[in-house]
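Accompanying notes for the structure given below.
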Amino acid sequence: MLSDQQFIKEFEQLSLNPAHFNHLGHLRITWLYLNQHPIEQATEKVVSGIRQYATSLGAPDKFHMTMTRALVTITANRCQPIANHSWNE
């Protein structure tokens, strides 16, 4: 499994293997960004990142703004940031 930093790096560079970006991958990037940024900034990073990633895979129609924003909001409300813990922990 990729480390959190490697996951973020590959996601942001649009080089993340699609096998790592299923529903759990969406939750992972959301959780990681929420642990590193205020909710507003994390939301924008998730939205723009998933949009760019989907487009890079030739599937821009897979991106849904409302669903992505809802994912971030629900995750932020349900998962408290845990300092110094990785996704696996």
Side-chain angles (χ1 to χ4, degrees):
M1 175 174 254
L2 296 172
S3 71
D4 291 342
Q5 292 309 313
Q6 189 65 31
F7 185 86
I8 291 170
K9 179 182 176 184
E10 290 184 20
F11 176 73
E12 290 177 350
Q13 293 177 345
L14 307 176
S15 63
L16 183 66
N17 184 319
H20 293 293
F21 208 67
N22 52 16
H23 293 295
L24 192 58
H26 284 72
L27 289 171
R28 184 178 186 185
I29 198 65
T30 300
W31 186 84
L32 291 169
Y33 282 156
L34 285 167
N35 276 282
Q36 295 178 359
H37 307 283
I39 188 168
E40 297 83 10
Q41 186 179 6
T43 300
E44 293 312 311
K45 287 182 76 63
V46 171
V47 166
S48 66
I50 292 177
R51 179 186 293 140
Q52 291 173 9
Y53 185 73
T55 299
S56 78
L57 296 176
D61 58 318
K62 296 258 183 179
F63 172 78
H64 192 281
M65 176 72 75
T66 304
M67 294 296 291
T68 303
R69 287 188 174 279
L71 169 73
V72 177
T73 301
I74 291 167
T75 304
N77 288 327
R78 301 289 298 167
C79 301
Q80 297 299 315
I82 305 169
N84 302 315
H85 284 79
S86 71
W87 170 255
N88 289 330
E89 292 173 301

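Each residue takes its place number in the sequence, starting with 1. As a basis for the values below, the full set of heavy atoms in this structure was taken, side chains included, without hydrogen atoms, waters or symmetry mates.
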### Query
Among the clusters formed by ILVMFWY side chains lying less than 4.5 Å apart, do Leu32 and Ile74 turn up in the same one?
no

### Message
Can you tell me how far apart CG (Asp4) and CG (Asn35) are? Round to the nearest 0.5 Å.
### Response
9.0 Å

### Task
Quick one: pull up CZ in Phe7 and NE2 in His20 and give me the separation to the nearest 0.5 Å.
8.0 Å

Residues 9-17, side-chain donor-acceptor partners within the protein, below 3.5 Å, at least two apart:
from  : atom 1 : to    : atom 2 : distance (Å)
Glu10 : OE2    : Gln6  : NE2    : 2.8
Glu12 : OE2    : Tyr33 : OH     : 2.7
Asn17 : OD1    : Ala19 : N      : 2.8

### Query
Quick one: do Leu24 and Ile50 end up in the same hydrophobic cluster if we chain Ile, Leu, Val, Met, Phe, Trp and Tyr together by side-chain heavy atoms under 4.5 Å apart?
yes

#### Entry: Intermediate values then yes/no, side chain to side chain contact (heavy atoms under 4.5 Å, CB included), Ile29 and Lys45
CA-CA 9 Å; Ile29 198 65; Lys45 287 182 76 63; over 6 Å; no

#### Entry: From CA spacing to verdict: side chain to side chain contact (heavy atoms under 4.5 Å, CB included), Trp31, Leu27
CA-CA 6 Å; Trp31 186 84; Leu27 289 171; 6.0 Å; no

Could you list the donor-acceptor pairs under 3.5 angstrom formed by side chains in residues 55-68, with sequence neighbours left out?
from  : atom 1 : to    : atom 2 : distance (Å)
Thr55 : OG1    : Arg51 : O      : 2.9
Ser56 : OG     : Tyr53 : O      : 2.7
His64 : ND1    : Thr66 : N      : 3.4
His64 : ND1    : Met67 : N      : 3.1
Thr68 : OG1    : His64 : O      : 2.8

### Query
Got a second to check how far Leu34's CG is from Gln41's CD, nearest 0.5 Å?
11.0 Å

### Task
With sequence neighbours excluded, tell me which residues meet side chain to side chain donor-acceptor pair (under 3.5 Å) with Arg69.
Glu44

